[in-house]
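Data first, discussion second: the structure below is written as structure tokens.
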Amino acid sequence: PKLLVHLKAYRNTVPVPRHWCQKRKYMQNKRGIEKAPFELPEFIKLTGITEMREALTEKEEGKGLKSKQREKVRPKMGKLEIDYQKLHDAFFKWQTKPAMSIHGDLYYEGKEFETKMGTQKPGEISDDLRMALGMPVGAADKHLVPPPWLIAQQRYGPPPSYPNLRIPGLNAPIPAGAQFGYHPGGWGKPPVDENGLPLYGNVFGAATAETEAAAAAGAEAQLDTKPWGELEEEEEDE
């Protein structure tokens with residue numbers, strides 16, 4: 001195992017492709033899927049080349065067979081003339097870098113259909129998700145409406161993947177103007193123990209600066225800062 005850990009931790013290593021052990025051929029599932037047509041980048045579209053090509057195509061379709069044969073023998077040059085300054089600005093001023101994969105990031109089947117979550121943050125509800133859930137969007141009091149999964153989190157606990165995430169109504173105070181309860185717009189029941197103390201955090205908002213500092217210190221103490229994959233020292237037998 002030491003050699004395997006050393007190879008995986010080596011700099012600039014690339015993992016073995018996941019399809020090496022599959023019996024079917026690589027990209028076999030891509031057969032029959034309609035390939036999307038190529039789209040020009042936005043900075044090239046701004047030069048107006050697409051409109052000029054469409055107009056030239058319409059003009060070519062209206063010509064007769066004799067004129068087409070004549071142009072094959074004596075083609076006319078310079079049909080698409082674009083201003084040099086537009087081309088210069090498009091490539092040297094407005095050009096954007098295309099999306100590229102990092103070193104060692106290999107392509108696999110269906111990678112382009114996966115949802116990219118790089119811009120999303122846990123705990124923040126986007127406007128698209130609010131519209132899908134039927135929550136108000138753009139209103140001044142939209143933060144007073146709880147998410148529909150809050151009741152289940154109060155019953156089963158916070159998500160284990162995000163132990164330090166502050167969730168109002170679960171381990172953080174609810175917004176000002178909101179109320180606990182199961183009525184429309186209510187924030188459910190705060191999770192407490194038999195003594196009436198919060199289970200997961202300061203859900204009532206009555207903590208002082210000392211308790212908040214103690215909670216932050218406890219959260220930092222729970223984090224394991226040791227290097228991952230550290231090998232234990234072997235004791236030599238005398």
Side-chain angles (χ1 to χ4, degrees), residues 7-8 10-140 142-143 145 147-149 161:
L7 291 177
K8 287 187 175 182
Y10 206 75
R11 188 173 179 267
N12 291 338
T13 54
V14 178
V16 179
R18 62 177 66 180
H19 61 271
W20 72 271
C21 58
Q22 296 177 355
K23 293 186 177 179
R24 68 174 186 273
K25 293 183 178 180
Y26 181 57
M27 304 287 286
Q28 185 72 22
N29 290 347
K30 297 283 287 185
R31 296 183 63 183
I33 299 178
E34 184 178 357
K35 187 177 180 181
F38 174 74
E39 292 187 3
L40 288 174
E42 192 65 29
F43 64 93
I44 296 182
K45 288 182 181 179
L46 293 176
T47 59
I49 185 65
T50 54
E51 291 80 2
M52 296 176 64
R53 292 185 64 180
E54 289 176 359
L56 183 62
T57 305
E58 292 178 359
K59 187 178 179 181
E60 291 288 339
E61 291 177 354
K63 291 183 178 180
L65 182 60
K66 286 186 178 180
S67 57
K68 290 181 179 180
Q69 295 292 338
R70 194 181 303 117
E71 285 194 358
K72 285 185 178 180
V73 179
R74 295 181 179 179
K76 294 182 179 179
M77 309 299 291
K79 292 183 180 180
L80 294 178
E81 293 184 359
I82 305 178
D83 186 15
Y84 173 78
Q85 190 63 35
K86 282 186 178 181
L87 284 176
H88 182 274
D89 293 344
F91 287 96
F92 293 95
K93 190 175 181 181
W94 310 115
Q95 186 176 10
T96 56
K97 187 177 180 180
M100 303 177 68
S101 59
I102 61 177
H103 175 75
D105 188 12
L106 302 179
Y107 176 80
Y108 50 88
E109 296 182 30
K111 184 179 181 181
E112 65 272 16
F113 301 114
E114 291 183 351
T115 305
K116 298 179 181 179
M117 307 297 291
T119 58
Q120 306 295 334
K121 294 183 179 179
E124 295 184 3
I125 306 177
S126 61
D127 292 342
D128 295 338
L129 183 57
R130 286 182 177 272
M131 294 177 62
L133 296 174
M135 301 173 65
V137 179
K142 66 178 182 179
H143 62 282
V145 179
W149 53 79
S161 299

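Everything numeric here is computed off the predicted structure, so don't read it as measured data. The figures here come from the full heavy-atom set of this structure, side chains too, leaving out hydrogens, waters and symmetry mates.
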Value rounded to 0.5 Å, distance of CD in Glu42 from NZ in Lys45: 5.5 Å
Reported OG-to-NZ distance for the pair Ser126 and Lys121, which is rounded to 0.5 angstrom: 13.5 Å
Using a cut-off of 6.0 Å, state whether more than 12 heavy atoms not belonging to [X] lie near its atom [atom1].
X      : atom1 : result
Trp149 : CH2   : yes
Tyr107 : OH    : yes
Glu51  : CD    : yes
Met52  : CE    : yes

If you define the side chain from C-beta out and look only at heavy atoms, does anything of [X] sit under 4.5 Å from [Y]?
X      : Y      : value
Leu7   : Thr13  : no
Lys111 : Asp105 : yes
Asp127 : Arg130 : yes
Asn12  : His103 : yes

Show the nearest heavy-atom pair for residues [X] and [Y], with the distance to one decimal.
X     : Y      : value
Ile49 : Ile44  : CG2-O, 3.7 Å
Thr47 : Phe43  : CG2-O, 4.0 Å
Pro15 : Gly104 : CD-O, 3.7 Å

Side chain to side chain donor-acceptor pair (under 3.5 Å) contacts in which one or both residues fall within residues 16-26, not counting sequence neighbours: none
Basic-acidic side-chain contact under 4.0 Å: Lys68, Glu71: no
Partner of Asp89 under side-chain hydrogen bond (donor to acceptor under 3.5 Å, both in side chains), chosen from Lys86, Lys93, Gln85: Gln85
